[in-house]
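Here the structure is a predicted model, which means the values were calculated and not measured.
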Amino acid sequence: MKLLDTIYNRLAFAFHKVQCAEFPTIFGRILVAKFAKGGTIRMGKGVVINSSLRANPVGGTRTVFLIKGPQAVIELGDRVGMSNVTIGAYNRVTIGDDVWIGAGCKIFDNDFHSLVFEERIADVNIGNRPVEIKARAFIGADSMILKGVTIGEEAVVGAKALITKSVPAGEIWAGNPAKKVGEVRKAGQ
């Protein structure tokens, strides 16, 4: 970690009142963007975040936490690892313990705007539903997880998958749109 990146991240977290059980290990600079007053970002212990092309050249260029709604919550459990991920919350995005999220993934609990012109320019009636990624799940590089989705415990999402439906625990989903392609084997099998 470079000293200037560390100072930048600590100042950004303090300014945006990011709550950390312990300050995460961050390689590069995180962007916290608040499009609404309020919102909460919380992180557990042992979180590791790559947030630059230098930190992980596989995909994406930076990790972004984007607050779209005044009551929005982005919550990361313990030992979450992510690389150049964008998380946008109007409502709630919850990521459980020991989840790994691949380079360039995008996780959105909202549509960002209405499809109706008058509502879009007024920034009202934004469709949103919480997203939850449960413990020990693995999300492959460049995947996109959309509003209302739950990823079950130890589920695996393949690279570049578009997830529009919930993924049951222990299943492997891939494709666009994603569908079940297998089941996670138990260790030693």
Side-chain angles (χ1 to χ4, degrees), residues 1-70 72-110 112 128 130-147 149 151 155-163:
M1 286 185 289
K2 293 189 175 185
L3 180 59
L4 290 178
D5 290 345
T6 301
I7 293 168
Y8 173 90
N9 291 325
R10 286 193 176 270
L11 288 172
F13 275 40
F15 180 79
H16 292 290
K17 298 180 174 81
V18 176
Q19 302 166 16
C20 302
E22 67 182 30
F23 200 81
T25 300
I26 304 170
F27 300 95
R29 294 183 183 191
I30 286 185
L31 175 61
V32 177
K34 289 193 173 182
F35 294 145
K37 261 192 164 184
T40 303
I41 301 169
R42 285 192 286 268
M43 296 183 191
K45 296 177 181 175
V47 173
V48 178
I49 301 170
N50 289 322
S51 186
S52 73
L53 192 56
R54 178 182 76 244
N56 186 342
V58 171
T61 57
R62 181 177 229 182
T63 293
V64 178
F65 296 112
L66 192 148
I67 297 292
K68 178 70 175 161
V73 175
I74 296 173
E75 187 163 19
L76 280 60
D78 294 338
R79 299 168 305 281
V80 170
M82 63 175 61
S83 291
N84 303 327
V85 173
T86 300
I87 301 173
Y90 186 93
N91 185 321
R92 175 183 275 284
V93 174
T94 305
I95 299 171
D97 294 344
D98 302 298
V99 169
W100 288 6
I101 305 172
C105 288
K106 295 179 175 29
I107 303 166
F108 302 136
D109 76 348
N110 69 93
F112 286 95
N128 68 88
V131 169
E132 182 175 10
I133 302 174
K134 295 195 174 187
R136 300 174 305 284
F138 179 82
I139 312 301
D142 288 320
S143 298
M144 182 176 277
I145 299 172
L146 299 180
K147 70 178 192 260
V149 166
I151 307 293
V156 173
V157 171
K160 291 210 177 266
L162 175 62
I163 306 295

A.B. asks: For L4 and R29, what are the C-alpha separation, side-chain angles and deciding distance, and is it a side-chain contact (heavy atoms from CB on, under 4.5 Å)?
C.D. replies: CA-CA 9 Å; L4 290 178; R29 294 183 183 191; 3.7 Å; yes
A.B. asks: Please lay out, stage by stage, how I95 and I87 fare under the test side-chain contact (heavy atoms from CB on, under 4.5 Å).
C.D. replies: CA-CA 10 Å; I95 299 171; I87 301 173; 3.7 Å; yes
A.B. asks: Using side chain to side chain donor-acceptor pair (under 3.5 Å) as the criterion, list what pairs up with N91, not counting sequence neighbours.
C.D. replies: N128
A.B. asks: About how many Å separate CD1 of I49 and CD1 of I26, when rounded to the nearest 0.5 Å?
C.D. replies: 5.0 Å
A.B. asks: Taking only residues two or more places apart in sequence, or in another chain, which ones meet R79 in a side chain to side chain donor-acceptor pair (under 3.5 Å)?
C.D. replies: D98
A.B. asks: Going by side-chain contact (heavy atoms from CB on, under 4.5 Å), name the residues that satisfy it together with A89, two or more places apart in sequence or in a different chain.
C.D. replies: A72, I74, V93, D109
A.B. asks: Which of these, L53, L31, V85, I30, sits in a side-chain contact (heavy atoms from CB on, under 4.5 Å) with R62?
C.D. replies: L31
A.B. asks: Would you name the heavy atoms of V131 and I107 that are closest together and state the gap between them?
C.D. replies: CG1-CG2, 3.8 Å
A.B. asks: Listed by chain and number, what are the ring-ring contact (aromatic ring centres under 6.0 Å, His included) partners of F112, not counting sequence neighbours?
C.D. replies: F108
A.B. asks: Show me the pairs that pass salt bridge (charged side-chain N to carboxylate O under 4.0 Å, His left out) and involve residues 7-21, at least two apart or across chains.
C.D. replies: none
A.B. asks: Pair up each side-chain donor or acceptor in residues 37-48 with any protein partner under 3.5 Å, not counting sequence neighbours, and list the distances.
C.D. replies:
from : atom 1 : to  : atom 2 : distance (Å)
R42  : NE     : E75 : OE2    : 3.4

A.B. asks: Locate the shortest heavy-atom distance separating V157 from S143; write the atom from each residue and the value.
C.D. replies: CG1-OG, 3.6 Å
A.B. asks: For Y8, enumerate each residue passing the ring-ring contact (aromatic ring centres under 6.0 Å, His included) test, keeping only those at least two apart in sequence or located in another chain.
C.D. replies: none
A.B. asks: Determine the minimum heavy-atom distance between C105 and G140, stating which atoms define it.
C.D. replies: SG-O, 2.9 Å
A.B. asks: Which residues pass the ring-ring contact (aromatic ring centres under 6.0 Å, His included) test with F13, sequence neighbours left out?
C.D. replies: F23
A.B. asks: Which atom pair, heavy atoms only, marks the closest approach of G69 to A36?
C.D. replies: C-CB, 3.6 Å
A.B. asks: For H16, does its backbone N or O pair with a side-chain atom of K34 as donor and acceptor, under 3.5 Å?
C.D. replies: yes
A.B. asks: Not counting sequence neighbours, which residues clear side chain to side chain donor-acceptor pair (under 3.5 Å) with N50? List them please.
C.D. replies: S83
A.B. asks: Counting only N and O atoms by type, is there a donor-acceptor contact under 3.5 Å from the side chain of D78 to the main-chain atoms of D97?
C.D. replies: no
A.B. asks: Please identify each residue that fulfils side chain to side chain donor-acceptor pair (under 3.5 Å) with T63, with sequence neighbours left out.
C.D. replies: none
A.B. asks: Atom CD1 of I151 and atom CD1 of I163: how far apart are they, to the nearest 0.5 Å?
C.D. replies: 5.0 Å
A.B. asks: For L162, which residues count as a side-chain contact (heavy atoms from CB on, under 4.5 Å) partner, sequence neighbours excluded?
C.D. replies: M144, L146, T164, N176
A.B. asks: Test: salt bridge (charged side-chain N to carboxylate O under 4.0 Å, His left out). Region: residues 134-147. Which pairs qualify, not counting sequence neighbours?
C.D. replies: D111-K147, R136-E153, R136-E154, D142-K160
